[in-house]
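Not measured: the values here are computed from a predicted model.
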Amino acid sequence: MNLSTKPARRTWRRIADSRVINALAAPNGIGRYLEVLNPMWSLDQTRIPAYITAIRRETKDTVTLELRPNGDWPGFRPGQFCQLYIEINGRLHSRSYSLNRRAGRISVTVKAQADGLVSRYINSQIKVGDIIRLSPPMGDFVLPELLPDALLMIAAGSGITPIMAMLEAALKRGYKGGVTLLYYNRSEADTVFHARLLKLASTYSNFSLLPVFSDGTGKLNGHFSQQHLLTALSFQNNLSAHTGALTLPECFVCGPEALIQAVSDEYQLLGHSEKFHAERFKAVTSTSGDTGAVGTLIFKNSQSEVSSDSRNLLEQAEAAGLQPQSGCRMGICHSCSCLKTDGSVRNMNSGEVSHGEEYIRLCISQPLGDVSLAI
């Protein structure tokens with residue numbers, strides 16, 4: 001039976017759910033044995049297997065993986081992301097990557113980070129024909145069903161990935177409003193999707209590409225500023241003509257925290273915060289000494305403890321040799337949720353301080369003194 005089809009998988013799932021079959025297949029369950037016969041037969045709908053059908057190099061440190069998941073894949077909305085699970089040296093790792101489409105297949109684009117084990121492995125070691133696993137799509141950084149009259153999209157570096165998915169989807173479904181992309185990179189050679197963006201700009205007269213290169217070769221230079229915003233509003237297709245002199249277009253931003261904050265400040269200053277939408281692709285980080293609080297981290301289940309510093313609890317647990325489950329590492333997916341049995345922590349995204357027993361997300365929680373965790 002071809003278990004890559006949805007009807008066949010529903011049939012097998014009903015069989016696998018029976019107590020008799022699970023008892024006979026103990027301790028691993030029937031799903032594990034099906035995976036041995038064919039890795040694409042996995043019945044785990046939270047980690048969907050996908051073949052890597054092609055690998056395309058976008059820049060010297062960025063690749064796009066084209067993927068063919070099995071019949072459990074539910075589809076995604078442009079702008080969403082998923083957890084990618086990959087085994088490296090016998091250990092399963094997971095990271096969050098935005099979803100896109102390439103050559104009719106879903107794809108993820110990964111930029112190698114200097115301290116990124118998974119991203120460097122994907123850029124240098126992974127091969128066509130390998131199988132990775134995907135979570136179902138997540139995230140609400142998506143375009144509204146009813147598109148506004150004009151769109152301003154702003155990205156920096158690999159923050160282009162969800163923006164590109166939304167941009168292509170809008171244009172290919174016949175969007176007629178003005179749309180401008182303000183895109184920050186070191187140079188043209190470092191620009192992910194550069195050829196695809198140029199093709200879109202030449203194909204769709206309502207789309208304007210406004211690159212900003214820190215090497216000084218772009219139409220604009222430096223970091224985002226009010227001048228950049230005004231240039232984007234009046235560039236080529238003239239977004240201000242679509243929105244009027246006293247308003248701003250709907251804005252979607254993805255990139256480093258500094259860029260997001262700068263754009264948010266401008267929209268707030270001009271009274272249009274409700275039109276600002278952002279996706280952060282890196283967690284807020286801290287350096288030792290940020291909180292001024294020192295203490296002890298107690299890992300109750302592991303019966304161990306270490307002196308704490310101002311890093312988030314996920315990083316500190318991993319530094320202590322523990323392997324808590326994690327995913328996006330920026331507070332979105334909740335994969336690292338853990339019971340804090342005692343102590344106080346600060347949410348590194350919102351600044352909110354909480355006390356006592358509660359479930360927290362390790363990746364965005366910073367200890368304030370002694371903290372006890374059920375790990």
| said: Under the criterion side-chain contact (heavy atoms from CB on, under 4.5 Å), I'd like the reasoning laid out for Tyr204 against Glu168: C-alpha separation, chi angles, the key distance, then a yes or no. | reply: CA-CA 10 Å; Tyr204 298 94; Glu168 288 187 315; over 6 Å; no

| Is it true that a side-chain atom of Glu66 and a backbone atom of Thr53 form a donor plus acceptor pair closer than 3.5 Å? | no

| What are the two closest non-hydrogen atoms of Cys82 and Leu134, and how far apart are they? | SG-CD2, 4.0 Å

| Has the side chain of His228 got a donor or acceptor atom that lies under 3.5 Å from a matching backbone atom of Asn221? | yes

| query | Going hydrophobic residue to hydrophobic residue with side-chain gaps under 4.5 angstrom, can you get from Phe224 over to Leu152? | reply | yes

| request: Would you check if the side chain of Asn206 reaches a backbone N or O of Tyr175 as a donor-acceptor pair within less than 3.5 Å? | output: yes

| query | Are any of the side-chain nitrogens in Asp115 or Arg120 under 4.0 Å away from the carboxylate oxygens of its partner? | reply | no

| query | Are Lys275 and Glu250 ion-paired here, with the side-chain N under 4.0 Å from a carboxylate O? | reply | no

| Under 3.5 Å, is there a donor-acceptor pair between the side chain of Arg196 and the main chain of Lys199? | no

Identify all side-chain donor-acceptor contacts of residues 139-148 below 3.5 Å with residues at least two apart in sequence or on another chain.
none

| message | I'd like to know if the side chain of Thr191 and the backbone of Glu188 have a donor-acceptor N/O pair within less than 3.5 Å. | response | yes

| field | Which atom of Ala232 lies closest to which atom of Thr180, heavy atoms considered | value | O-OG1, 3.9 Å

| query | Checking Asn301 side chain against Ala374 main chain: does a donor-acceptor pair fall under 3.5 Å? | reply | yes

| task | Report yes or no: do Arg311 and Gln316 form a side-chain donor-acceptor pair below 3.5 Å? | result | no

| message | Tell me whether the count of non-hydrogen atoms from other residues, nucleotides or ligands lying under 6.0 Å of CD in Glu358 goes above 12. | response | yes

| remark: Here the gap from Arg56 atom CZ to Thr64 atom OG1, rounded to the nearest 0.5 Å, amounts to 8.5 Å

| Spacing of Lys340 atom NZ and Ile375 atom CD1 [to the nearest 0.5 Å] | 12.5 Å

| So if you build clusters from Ile, Leu, Val, Met, Phe, Trp, Tyr with side-chain heavy-atom gaps below 4.5 Å, do Leu181 and Leu229 land together? | no

| said: Between Asp370 (side chain only) and Thr296 (backbone N and O only), is there a donor and an acceptor less than 3.5 Å apart? | reply: yes

| Yes or no on side-chain contact (heavy atoms from CB on, under 4.5 Å) for Ile160 and Cys254, after CA distance, side-chain angles and deciding distance? | CA-CA 7 Å; Ile160 189 63; Cys254 184; over 6 Å; no

| said: Could you measure the distance from the CD atom of Glu58 to the CG atom of Asn123? Nearest 0.5 Å is fine. | reply: 10.5 Å

| task | Give a yes-or-no answer on whether the side chains of Ser372 and Thr341 include a donor-acceptor pair shorter than 3.5 Å. | result | yes

| query | Which heavy atom in Ala320 sits nearest to a heavy atom in Val306, and how many Å separate them? | reply | CB-CG1, 4.0 Å

| task | Starting from the C-alpha separation in whole Å, work towards a yes-or-no answer on side-chain contact (heavy atoms from CB on, under 4.5 Å) for Met166 and Met153. | result | CA-CA 9 Å; Met166 293 191 288; Met153 296 183 168; 4.1 Å; yes

| task | For Thr161 and Ser158, indicate whether the former's side chain and the latter's backbone hold a donor-acceptor pair under 3.5 Å. | result | yes

| said: Test your reading of the model: is there a side-chain donor-acceptor pair from Ser119 to the backbone of Val110, 3.5 Å cut-off? | reply: no

| said: Could you measure the distance from the CG atom of Leu322 to the CG atom of Leu314? Nearest 0.5 Å is fine. | reply: 10.5 Å

| Atom NZ of Lys127: over 12 foreign heavy atoms under 6.0 Å | no

| field | Between CD on residue Glu352 and CZ on residue Arg346, distance to nearest 0.5 Å | value | 11.5 Å

